[in-house]
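So the structure is just underneath, and the comments pick up after that.
These numbers come from a predicted model, not from an experiment. Atoms within a ligand are numbered from 1 in the order they appear, just like the ligands themselves. Just so you know, these numbers use all the heavy atoms, side chains as well, and skip hydrogens, waters and symmetry mates.
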Amino acid sequence: MSSITTLPTSPGPIGVFDSGYGGLTVLREIRHALPDADFIYLGDNARAPYGTRSFDLVYQFTLQAVKRLFAEGCHLVILACNTASAKALRSIQQRDLPGLDPDRRVLGVIRPTVEILGKVSHSGHIGIVGTPGTVASQSYNMEIEKLYPEFKTFTHACPMWVPLVEYREANSPGADYFVKKDVEQLLAQSADIDTMILGCTHYPMLLDKISKYVPAGINVLSQGKIVADSLADYLHRHPEMDKKITRGASTRFLTTERADRFASLANLFLGDDIEASQIVLA
Ligand code: DGL
């Protein structure tokens with residue numbers, strides 16, 4: 001779609017991408033950390049969930065979204081999606097960015113989440129829940145092994161959790177069944193788990209249910225604030241990128257689903273009166 005010759009060069013908004021609604025949990029915290037910045041949020045709701053899709057499809061869909069956000073004027077795109085970070089980020093950074101525009105940046109959510117573990121875990125036993133794609137990719141295990149080789153990781157895939165959010169069942173009694181079962185299966189792997197990573201940006205939308213079934217004393221890590229702090233730090237260390245961000249305190253919302261459907265849940269979650277536009281990604 002877009003190429004190096006057609007991309008806008010003037011400063012633009014920060015792009016935030018997720019397969020669906022989950023990235024809103026990250027956007028909310030980033031907007032809090034960078035209140036003046038402009039943002040474009042893109043949710044590929046029509047094709048969510050990504051978590052059960054093949055490596056190749058997640059890569060193709062994510063690349064389409066990144067190209068779209070670049071074409072909208074973004075110089076910096078945050079993949080606010082663990083599945084996309086696990087399955088597409090490295091290929092996009094290494095294979096696609098040099099040809100699209102080597103000065104634009106795409107950042108993921110896994111690395112900043114792993115970086116803070118040293119500060120929060122005492123036992124070094126880390127439980128991770130995520131989509132089947134994120135868990136199968138072993139991205140968390142590998143990142144943790146690199147930064148904290150003495151730590152032990154325990155993972156569990158929760159294939160029903162994203163659909164519960166996307167289909168607005170997160171607060172229903174039915175959600176308790178799946179959340180309880182999956183939390184118990186994760187924690188049964190080690191009595192010493194003291195930190196549980198919610199390794200999917202949709203999962204904070206189930207936090208009330210999750211907190212019911214995780215015993216006190218276990219830290220439950222949501223990624224929004226972690227990613228927001230890491231982004232603020234990144235921009236501080238990279239003034240050349242900071243200069244490419246416009247500062248009008250606005251957010252535009254794009255979705256591949258029906259715009260009114262997206263807006264009603266986003267409104268509820270962000271506590272804002274937002275409008276969304278429907279787009280086609282190809
Ligand atoms: N929010 C995405 C993540 O962090 C959900 C992926 C999906 O669509 O299954 O992995």
Side-chain angles (χ1 to χ4, degrees), residues 15-30 41-66 69 77-90 92 106-114 127-141 143 155-170 175 178-179 182 186 196-207 210 220-228 230-231 253-257 261-262 265-266 269-270 281:
V16 178
F17 168 69
D18 182 49
S19 60
Y21 295 112
L24 296 174
T25 64
V26 176
L27 176 73
R28 185 167 69 176
E29 299 297 333
I30 298 180
Y41 184 87
L42 170 48
D44 191 7
N45 300 74
R47 301 189 294 194
Y50 279 13
T52 41
R53 292 189 185 273
S54 70
F55 184 98
D56 201 47
L57 267 187
V58 173
Y59 163 65
Q60 280 177 38
F61 291 173
T62 306
L63 181 59
Q64 289 168 359
V66 166
L69 288 166
V77 171
I78 310 299
L79 299 186
C81 174
N82 290 265
T83 310
S85 299
K87 294 182 151 197
L89 178 63
R90 185 183 286 261
I92 290 175
V106 181
L107 305 176
V109 291
I110 294 178
R111 176 82 186 196
T113 307
V114 169
I128 301 144
V129 281
T131 65
T134 298
V135 168
S137 75
Q138 303 224 340
S139 297
Y140 274 100
N141 313 52
E143 270 317 313
T155 58
H156 181 69
C158 308
M160 291 304 292
W161 291 18
V162 170
L164 286 170
V165 172
E166 289 290 316
Y167 292 101
R168 296 150 187 259
E169 293 288 340
F178 292 104
V179 171
D182 287 319
L186 174 76
M196 176 174 162
I197 297 175
L198 301 185
C200 171
T201 55
H202 281 68
Y203 295 176
M205 291 182 175
L206 288 158
L207 195 57
I210 295 167
V220 177
L221 295 188
S222 293
Q223 297 176 294
K225 173 127 177 35
I226 298 170
V227 174
S230 164
L231 176 60
F253 293 88
L254 306 178
T255 174
T256 54
E257 242 292 7
R261 191 172 190 280
F262 178 88
L265 192 85
F269 183 72
L270 294 172
L281 284 180

Next on the checklist: Quick check: closest heavy atoms across S85 and G108, and the distance to 0.1 Å?
Outcome noted: OG-CA, 3.5 Å
Checklist outcome for this item: Distance filter under 4.0 Å, heavy atoms only, around ligand 1 gives D18, S19, P49, Y50, G51, C81, N82, T83, T131, V162, C200, T201, H202
Next on the checklist: Any heavy-atom pair between the side chains of L198 and V129 that's under 4.5 Å?
Outcome noted: yes
What pairs of donor and acceptor atoms, side-chain ones from residues 19-28 against any protein atom, are under 3.5 angstrom apart with sequence neighbours left out?
unit_1	atom_1	unit_2	atom_2	d
Y21	OH	R168	NH2	3.2
T25	OG1	G22	O	2.7
T25	OG1	T201	O	2.8

Next on the checklist: If we check side-chain hydrogen bond (donor to acceptor under 3.5 Å, both in side chains) with T83, which of these qualifies: T62, T52, D18, T131?
Outcome noted: T131
Item to check | Residue pairs involving residues 47-60 (criterion salt bridge (charged side-chain N to carboxylate O under 4.0 Å, His left out); sequence neighbours excluded) | outcome: D44-R47
Checklist outcome for this item: Taken in chain and number order and not counting sequence neighbours, the residues that satisfy salt bridge (charged side-chain N to carboxylate O under 4.0 Å, His left out) with E143 are R111, K146
